[in-house]
Amino acid sequence: MTAITIFSIIVLVFSVVVHEVSHGYIAYRFGDLTAKYQERLTFNPLKHIDPIGSIILPFIMSLLPGGLILGWAKPVPINPYNFKNRKLGEFATAFAGPLSNIFIASIFIVLVRLSGNLGLSSTFIELSLVVILINTVLACFNLMPVPPLDGYRIVALLLPQHLADRFEYFSQRFGLLIVLFFVLFLWDPIFMGVISVVELLVGIKIL
């Protein structure tokens, strides 16, 4: 296993931890103390690691060609009935995770863009591109509108109730098939599209 692969796994674990803590913190701000009481408002990865999503899957993906590594942490527990404003709280909580990954990617995009002025090394730029790609991919993946991903909750909350009920029924019934179809047939072009957008933002050719 190469140093860049090890670094990628570390970045992935950190990024999914930030993702989950963001869900819990926004829920806390809206009045739900569930995550706080269960000690999940911490960046200690041991509190968030999921054996399959945080260890086994990233390790297996690191052995596959293509260099793409994905994973997840244990979901932070949230009780929307505790929210002061339930609908807004649910929407903000769901969007907080992907937004945290977009925020991390944005910081490193700015650093890469300013690397010449800041005198940053080529190694730092290379590692920054890893951080940007992982967090951009995580944000896109979690915004998929299928359960149990954040995009599903976001779309369901934006729809009128009668459409939300139909969407929930359809998603719960066919969600797994949708995910499989997405991964098998749509992920490659979307991933290449993500890379193209990142290349445009950082001004560097990645592939």
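- Residue Phe95 is not grouped with residue Met144 when hydrophobic side chains (ILVMFWY) are merged at heavy-atom distances under 4.5 angstrom, including chains of intermediate members.
- Residues Val11 and Phe14 form no side-chain contact, since every pair of their non-hydrogen atoms from C-beta on lies 4.5 Å or further apart.
- Taking all atoms of both residues into account, the shortest heavy-atom contact from Ile132 to Thr136 is O-OG1, 2.7 Å.
- Under the 4.5 Å side-chain criterion, counting only non-hydrogen atoms from C-beta, Leu127 is in contact with Ile4.
- Cluster annotation: Leu114 is connected to Ile125 through the hydrophobic network of ILVMFWY side chains, with a link wherever side-chain heavy atoms come within less than 4.5 Å.
- Put simply, the side chain of Lys87 gets close to the backbone of Leu157: a donor and an acceptor are under 3.5 Å apart.
- Interatomic distance, Leu120 CG to Glu126 CD, rounded to the nearest 0.5 Å: 14.0 Å.
- Interatomic distance, Ser106 OG to Leu99 CG, rounded to the nearest 0.5 Å: 8.5 Å.
- In this structure the side chain of Phe30 reaches within 4.5 angstrom of the side chain of Leu88, judged on heavy atoms.
- In plain terms, the two heavy atoms of Val130 and Ser8 that are nearest each other are CG1-OG, 3.4 Å.
- For the atom pair Ile78 CD1 and His23 NE2, the distance stands at 6.5 Å (nearest 0.5 Å).
- If you chain together hydrophobic residues whose side chains sit under 4.5 Å apart, Val194 and Ile102 never meet in one group.
- To the nearest 0.5 angstrom, Asn101 atom CG is 9.0 Å from Asp150 atom CG.
- Put simply, Leu163 and Val155 are part of the same group of oily side chains (I, L, V, M, F, W, Y) that touch within less than 4.5 Å, one to the next.
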**Prompt:** Given the rule in the side chain to side chain contact (heavy atoms under 4.5 Å, CB included) test, do Phe103 and Val18 qualify, once you have shown the distances and angles that lead to the verdict?
**Reply:** CA-CA 11 Å; Phe103 179 71; Val18 171; over 6 Å; no
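- There is a path of hydrophobic side-chain contacts, each under 4.5 Å, that joins Ile9 to Ile104.
- Summarising the geometry of Pro98 relative to His19, their closest heavy-atom pair is N-CE1, 3.4 Å, with the distance given to 0.1 Å.
- Here Glu90 does not pair with Arg153 in a salt bridge; the nearest charged N to carboxylate O distance is not below 4.0 Å.
- Of the possible donor and acceptor atoms, none in the side chain of His48 sits under 3.5 Å from a partner among the backbone N and O of Val76.
- Counting only distance, with no hydrogens or angles, the side chain of Asp32 and the backbone of Asn82 share no donor-acceptor pair below 3.5 Å.
- Atom-to-atom distance recorded for Lys84:NZ and Arg29:CZ is 7.5 Å, nearest 0.5 angstrom.
- Listed here is the closest heavy atom pair of Ala73 and Asp50: C-CB, 4.0 Å.
- Heavy-atom minimum distance, Gly24 versus Ala35: CA-CB, 4.0 Å.
- Atom OH of Tyr152 is surrounded by more than 12 heavy atoms from other residues, nucleotides or ligands within 6.0 Å.
- The local environment of OH in Tyr25 is sparse, with at most 12 non-hydrogen atoms from other residues, nucleotides or ligands closer than 6.0 Å.
- Closest approach of Leu138 and Ser15 over heavy atoms only: CD1-CB, 3.7 Å.
- Of the inter-residue distances, the one linking Glu20 atom CD with Ile49 atom CD1 reads 12.5 Å to the nearest 0.5 angstrom.
- Results of the side chain to side chain contact (heavy atoms under 4.5 Å, CB included) test with Val131 over Asn135, Leu133, Ile134, Leu129 single out Asn135 as the only residue that passes.
- Side-chain contact between Phe124 and Leu111 is present, with heavy atoms from C-beta onward closer than 4.5 Å.
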